[in-house]
Amino acid sequence: MTEYAQRIGRLQQKLQAHRLDGMMITQNVDLYYLTGSMQTGYLFVPAEGEPRFYVRRSVLRAQEESAAAVEPLGSFRAFGAQLAQTFPQLASGSAVTLAAEFDVLPVQQWQRLQSVLPHVLWKDGSMLIRETRMIKSPREIACIREAARIIDGALEDALAKLKPGMTELELMSAVEHHIRLHGHIGVMRLRGYNQEVLTGVIGAGEAVAKPTYFDGPAGGQGLGPAVPQSVSRRPIERNEPILIDIGCCIDGYVIDQTRTAVIGDLSDDLRQAYDVSEAIIRSVESMLKPGTLCEQLYIHSLGMAQEAGLGEHYMGFGDDQVKFLGHGIGLEVDELPVLAKGFRYPLEPGMVIAIEPKFTFPGRGVVGIENSYAVTDNGFEKLTVSREGLIRL
């Protein structure tokens with residue numbers, strides 16, 4: 001209860017700083033973050049005072065789970081009047097400015113809110129809730145740490161089964177079987193519009209280097225146009241890079257990590273590119289401390305890739321290159337902060353970041369490494385525990 005109160009308090013400080021009277025929370029992950037329940041409804045957070053969770057379904061489940069007071073949502077047409085009973089400032093005729101999560105709130109849903117609160121001026125509060133969630137508590141970091149432990153076991157279990165001729169799909173199935181048995185909730189959530197993430201990306205050779213719509217350095221061939229990312233039915237062969245970019249979600253919190261393996265050995269240029277990816281992550285680790293600007297990490301890594309003569313292969317290839325080094329993780333895979341130009345957030349204790357320097361070679365494969373880190377008062381804690389180095393089988 002104390003932790004949820006602290007989260008609400010941090011959001012209310014941001015609302016007050018932006019001179020907003022409150023915020024309407026509707027997205028399931030944000031509802032869970034602020035209340036501990038993901039039941040369908042609307043959480044109203046006033047700039048001052050106690051929030052209230054108006055639930056459509058399931059009220060009983062929300063009452064069991066929610067740290068915020070729960071009230072059954074009656075007829076939506078009467079929602080404005082229902083709000084005003086507890087929050088008189090929302091009564092018709094008052095000049096009120098409210099925030100909402102415009103990045104994830106469907107237009108139709110927003111129009112319905114406008115219809116029952118016609119006097120309200122609405123502002124985009126997306127960054128307010130995302131910035132509130134950007135700083136993790138020890139409890140949240142503990143969940144990610146546990147997810148890292150489980151995905152490490154899955155990696156070793158899958159590698160022990162890997163052999164020439166095994167398909168990417170079979171290798172991913174071994175990973176998914178292990179993590180599901182150990183508590184993986186079965187989904188990994190993304191906030192980005194029309195973006196989806198599976199358990200991750202496992203791909204070998206040219207298949208994993210095939211570009212796709214997914215906003216990352218490696219998409220994978222996928223099982224067809226309906227799922228144009230991640231694993232395919234392609235057999236894994238000797239002497240080709242195998243990218244194992246996998247995650248696990250424990251109690252809603254995700255870990256994100258990548259390892260590169262090969263049955264046999266890689267060609268000299270691919271092996272050198274992998275070595276550069278490890279050099280980049282080691283160098284970036286030296287900068288992982290409070291006060292470092294997020295964009296500095298990306299700019300520094302890009303300079304190292306260019307100095308190694310690999311700039312055109314860094315984080316994708318050609319028009320399909322992505323312009324970031326890493327991203328925040330937590331309840332969603334694509335959280336703040338982003339390690340990219342224009343993101344001038346200084347690192348703060350409690351941020352959790354996945355850092356993923358990778359190199360794409362069209363027609364040949366992708367190599368690289370990814371670790372997840374928690375920023376601490378004096379530096380960082382590496383949450384990823386899987387063995388590093390090119391994994392030769």
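Predicted model, so just to flag it, every value in this text is computed and none were measured.
The closest donor-acceptor contact from the side chain of Q16 to the backbone of Q13 lies at 3.5 Å or more, if one exists at all. S301 places no side-chain N or O within donor-acceptor distance of the main-chain N or O of I280, the cut-off being under 3.5 Å. No donor-acceptor pair closer than 3.5 Å links the side chain of T167 to the backbone N or O of P235. Distance alone, capped at 3.5 Å, is enough to place a donor-acceptor pair between the H327 side chain and the V333 backbone. Between the T292 side chain and the M287 main chain, a donor and an acceptor come within less than 3.5 Å of each other. Here the side chain of S66 pairs no donor or acceptor atom with the backbone of S37 at under 3.5 angstrom. Between the side chain of S283 and the backbone N or O of A279 there is no donor-acceptor pair closer than 3.5 Å. Of the possible polar contacts, one joining the Q321 side chain to the G311 backbone as a donor-acceptor pair under 3.5 Å is found. D334 contributes no side-chain N or O that, together with a main-chain N or O of L190, makes up a donor-acceptor pair within less than 3.5 Å.
Counting heavy atoms from C-beta on, the side chains of M315 and F324 come closer than 4.5 Å. Two residues are said to be in side-chain contact when any heavy atoms from C-beta on lie closer than 4.5 Å; V120 and L113 fail this criterion.
Heavy-atom neighbours of Q109 CD from other residues, nucleotides or ligands within 6.0 Å: above the threshold of 12. Under a cut-off of 6.0 angstrom, the local environment of NE2 in H18 is sparse, with at most 12 non-hydrogen atoms contributed by other residues, nucleotides or ligands. Within 6.0 Å of CZ in R57 there are 12 or fewer heavy atoms belonging to other residues, nucleotides or ligands. Other residues, nucleotides and ligands place no more than 12 heavy atoms under 6.0 Å from the CZ atom of R233. No more than 12 heavy atoms of other residues, nucleotides or ligands sit less than 6.0 Å from atom CZ of R56.
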Fill in: Test log, rule side chain to side chain donor-acceptor pair (under 3.5 Å), inputs E168 and S232
CA-CA 6 Å; E168 297 171 349; S232 71; 2.8 Å; yes
Discussion item. Let's go through F44 and L83 carefully: what are the C-alpha distance in whole Å and the side-chain angles of both, what is the deciding distance for side chain to side chain contact (heavy atoms under 4.5 Å, CB included) to 0.1 Å, and is it a yes or a no?
Written reply: CA-CA 8 Å; F44 180 70; L83 280 164; 4.1 Å; yes
Worksheet item: Yes or no on salt bridge (charged side-chain N to carboxylate O under 4.0 Å, His left out) for R234 and E206, after CA distance, side-chain angles and deciding distance?
Response: CA-CA 10 Å; R234 177 193 184 279; E206 81 287 344; 2.9 Å; yes
Practice prompt. Apply salt bridge (charged side-chain N to carboxylate O under 4.0 Å, His left out) to the pair K323 and D215, showing each step before the final yes or no.
Written response: CA-CA 10 Å; K323 307 299 183 183; D215 189 20; over 6 Å; no
Item to complete: Begin with the C-alpha distance, continue with both residues' side-chain angles, and end with the deciding distance and a verdict on salt bridge (charged side-chain N to carboxylate O under 4.0 Å, His left out) for E295 and K341.
Response: CA-CA 5 Å; E295 69 173 2; K341 289 182 180 178; over 6 Å; no
Discussion item. Test salt bridge (charged side-chain N to carboxylate O under 4.0 Å, His left out) on D21 and K123; report intermediate values, then the result.
Written reply: CA-CA 11 Å; D21 296 299; K123 298 286 187 179; over 6 Å; no
Practice prompt. For side chain to side chain donor-acceptor pair (under 3.5 Å), just list the numbers for R77 and S115, CA-CA rounded to whole Å, side-chain angles, deciding distance to a tenth of an Å, and then say yes or no.
Written response: CA-CA 8 Å; R77 294 177 182 176; S115 70; over 6 Å; no
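From I144, atom CD1 reaches atom SG of C248 across 11.5 Å, with rounding to the nearest 0.5 Å. To the nearest 0.5 Å, atoms CG (D251) and NE2 (H184) are separated by 12.5 Å. Separating the CD1 atom in I329 from the CD1 atom in I255 is a distance of 4.5 Å, to the nearest 0.5 Å. Atom CD1 of residue I263 and atom CG of residue L162 lie 4.0 Å apart, to the nearest 0.5 angstrom.
Side chains of E285 and Y373: a donor-acceptor N/O pair is present below 3.5 angstrom, by distance only. E65 and Y32 share no donor-acceptor pair across their side chains, judged by distance under 3.5 Å alone. Side chains of T360 and Y314: no donor on one and acceptor on the other come within 3.5 Å. S126 and D124 form a side-chain donor-acceptor contact under 3.5 Å, judged by distance and modelled atom types alone. At a cut-off of 3.5 Å, with distance as the only test, no side-chain donor of Q195 or Y213 sits close to an acceptor on the other residue. S386 and D152 are linked by a side-chain donor-acceptor pair at a separation below 3.5 angstrom, with hydrogens and angles left out of the test.
Closest heavy-atom contact between Q82 and P72: NE2-O, 2.8 Å. Pairing each heavy atom of L383 with each of A148, the nearest pair is O-CB, 3.2 Å. The shortest non-hydrogen separation linking G200 to S230 is O-OG, 2.7 Å. Closest approach of L90 to H119, counting heavy atoms only: O-NE2, 2.9 Å. P46 and F87 get closest at one heavy-atom pair: CG-CE2, 3.7 Å. A261 approaches I244 most closely through the heavy-atom pair CB-CD1, 4.2 Å.
Scanning for side chain to side chain contact (heavy atoms under 4.5 Å, CB included) contacts around D320 gives P211, with sequence neighbours left out. Checked against side chain to side chain contact (heavy atoms under 4.5 Å, CB included), E335 has the following partners two or more places apart in sequence or in another chain: R133, K136, L331, E332. Not counting sequence neighbours, the partners of H177 by the side chain to side chain contact (heavy atoms under 4.5 Å, CB included) test are L181. A search for salt bridge (Lys or Arg N to Asp or Glu O under 4.0 Å) contacts involving K382 returns E388, not counting sequence neighbours. For E3, the side chain to side chain contact (heavy atoms under 4.5 Å, CB included) test picks out R7, S137, R139, E140, with sequence neighbours left out. Taking the side chain to side chain donor-acceptor pair (under 3.5 Å) definition, one finds that T258 meets it with D245, K358, E370, sequence neighbours left out.
Classification of E101 and R130 as a salt-bridged pair fails, no side-chain N sitting under 4.0 Å from a carboxylate O. Here R387 pairs with E156 in a salt bridge; the nearest charged N to carboxylate O distance falls below 4.0 Å. Salt-bridge formation is not detected for the pair E196/R189: no Lys NZ or Arg NE/NH1/NH2 atom is positioned less than 4.0 Å from an Asp or Glu carboxylate oxygen.
Taking the six-membered ring where tryptophan is involved, the planes of H313 and F361 are essentially parallel, since the angle between them stays under 30° and well short of 60°. Using cut-offs of 30° and 60° on the angle between ring planes, the pair F79 and F76 is tilted.
With ring centers used as reference points, W110 lies under 6.0 Å from F102. Between Y42 and Y54, the gap from one ring centroid to the other reaches at least 6.0 Å.
Looking at E278, R271, Q272 one by one, the single match for side-chain contact (heavy atoms from CB on, under 4.5 Å) with Y274 turns out to be E278. Partner of N371 under the side chain to side chain donor-acceptor pair (under 3.5 Å) criterion, out of E356, R259, Q257: R259 alone.
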